[in-house]
There are 2 protein chains.
Amino acid sequence: MSDLLERLRGRGWRMTAQRRVVAEVLDGEHVHLTADEVHSRAVDRLPEISRATVYNTLGEMVSLGEVVEVSTDRRAKRYDPNAHRPHHHLVCARCGAIRDVHPSGDPLADLPADERFGFTVSDVEVTYRGVCPSCAAAA
Amino acid sequence: MSDLLERLRGRGWRMTAQRRVVAEVLDGEHVHLTADEVHSRAVDRLPEISRATVYNTLGEMVSLGEVVEVSTDRRAKRYDPNAHRPHHHLVCARCGAIRDVHPSGDPLADLPADERFGFTVSDVEVTYRGVCPSCAAAA
DNA sequence: TCCTACGATGGACTTTGTCTAAGTCAAGTG
DNA sequence: CACTTGACTTAGACAAAGTCCATCGTAGGA
Ligand SMILES: [Mn+2]
Ligand SMILES: [Mn+2]
Ligand SMILES: [Zn+2]
Ligand SMILES: [Zn+2]
């Protein structure tokens, strides 16, 4: 069953075949798919679904707070259904594998007042980079 | 005098008018220009310089370790001549202003072993977001 | 001064994403 | 159920950022 789909029900969200398929292919743990990856998986279930609809639907899920956008590289944005547990990301520099991580401590607290330049700082995004076990083994 | 240009001399770097102009317009403190911004400033001094050359030159400066790429949003990459002092970035969510910041503590140490999934973690990138003083005043 | 390998150029091409006009349909009403 | 309507979907044009390539030009050494 799609947990993401369940969360999207009962929010006045008009249900369509396209939206259901997008929610289903995006569901899971450590899932960080690009819009194109979502589209190609959606096409397997609903061949006529368009790219524009995938973009629109992902954008709405983000607006609803049920999906978060992740930008770990300079390529395509990735979409993450794990929206209710704040977390950061650990990325393999070789193969691009992405894991959700929960650092101890609050990175916001590590930014001293005299390094804030008068800004009201509200958010911080952390990306760890390294080499995953299988890439290390393959070296 | 261009500090960046000085650093680039004596590295076997073939000097051309184009490379000199790119190094000069990119020099300074808290400088985070896009390739297009570098190009349009370079054109003021050397009208026939091409986009491809600006991209090539910036890419080489990055390879030499004298410039770092910064990706604070999903728009264009930004180029930062402050390559010798490791730092992170504080970005205004309204106007895009970027400041170099130096958090206390090591964010790498905040990632427990049981959150590393067997990765060899070598690097971390932190982006703080907030509202700058002049945007707050304008609100 | 001459050579030549390296750098510069413009344009085609790719990737990622946005926008629009026109067609389709989910769901509330009676 | 049929009707209605505004929200949703679609294909394709368009745009921004960046890469690639064939060709031309030149920095700097012989
Ligand atoms: Mn995630
Ligand atoms: Mn910087
Ligand atoms: Zn890997
Ligand atoms: Zn601002």
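Numbers restart at 1 for each chain; the letters A, B, ... are given by sequence-line order, proteins then strands.
- In this entry the distance linking CG of B/Leu46 with C1' of C/dT9 reads 12 Å, nearest Å.
- Distance, B/Asp36 CG to D/dA15 P: 15 Å, rounded to whole Å.
- The residue A/Ala76 sits close only to the backbone: its heavy atoms come under 4.0 Å of sugar-phosphate atoms, none of a base.
- For the OP1/OP2 pair of D/dA17 and a distance below 4.0 Å, the side-chain nitrogens and oxygens of A/Arg74 include no atom meeting the criterion.
- The side-chain heavy atoms of A/Leu4 and A/Glu66, taken from C-beta on, include a pair separated by under 4.5 Å.
- The nearest whole Å value for the distance from the CD atom in B/Glu48 to the C1' atom in C/dG11 is 18 Å.
- Residues A/Glu115 and B/His102 approach most closely at OE1-N, 3.0 Å, considering heavy atoms.
- Between C/dA8 and B/Thr16, a contact under 4.0 Å exists linking OP1 or OP2 to a side-chain N or O.
- A/Ser50 has no side-chain polar atom (N or O) that falls below the 4.0 Å cut-off from OP1 or OP2 of D/dT9.
- Between the P atom of C/dT16 and the NZ atom of A/Lys77 lies a distance of 13 Å, rounded to the nearest Å.
- More than 12 non-hydrogen atoms from other residues, nucleotides or ligands lie less than 6.0 angstrom from CD of A/Glu48.
- Nearest nucleotide to the B/Ala52 side chain, out of C/dG10, D/dG18, D/dG25: C/dG10.
- Put simply, B/Arg75 has no side-chain N or O that comes within less than 4.0 Å of OP1 or OP2 on D/dA16.
- Exactly one residue among B/Thr127, B/Thr72, B/Asp100 makes a side chain to side chain donor-acceptor pair (under 3.5 Å) with B/His89. That residue is B/Asp100.
- Within 6.0 Å of atom CZ in A/Arg74, more than 12 heavy atoms from other residues, nucleotides or ligands are found, so the atom counts as buried in its surroundings.
- Atom-to-atom, CZ of A/Arg51 to C1' of C/dT16 comes out at 7 Å; the value is rounded to the nearest Å.
- Look at OH on B/Tyr55: it is 17 Å from P on C/dT14, rounded to the nearest Å.
- Residue-to-nucleotide proximity on DNA chain D shows that, of B/Arg78 and B/Ala17, the 5′-proximal contact is made by B/Arg78.
- Nearest-nucleotide positions on DNA chain C for B/Arg19 and A/Trp13 put B/Arg19 closer to the 5' end.
- Between A/Asp73 atom CG and C/dT16 atom P the separation is 9 Å, expressed in whole Å.
- OP1 or OP2 of D/dT10 sits under 4.0 Å from a side-chain N or O of A/Gln18.
- Taking atom CG of residue B/Asn56 and atom P of nucleotide D/dT23, one finds them 18 Å apart after rounding to whole Å.
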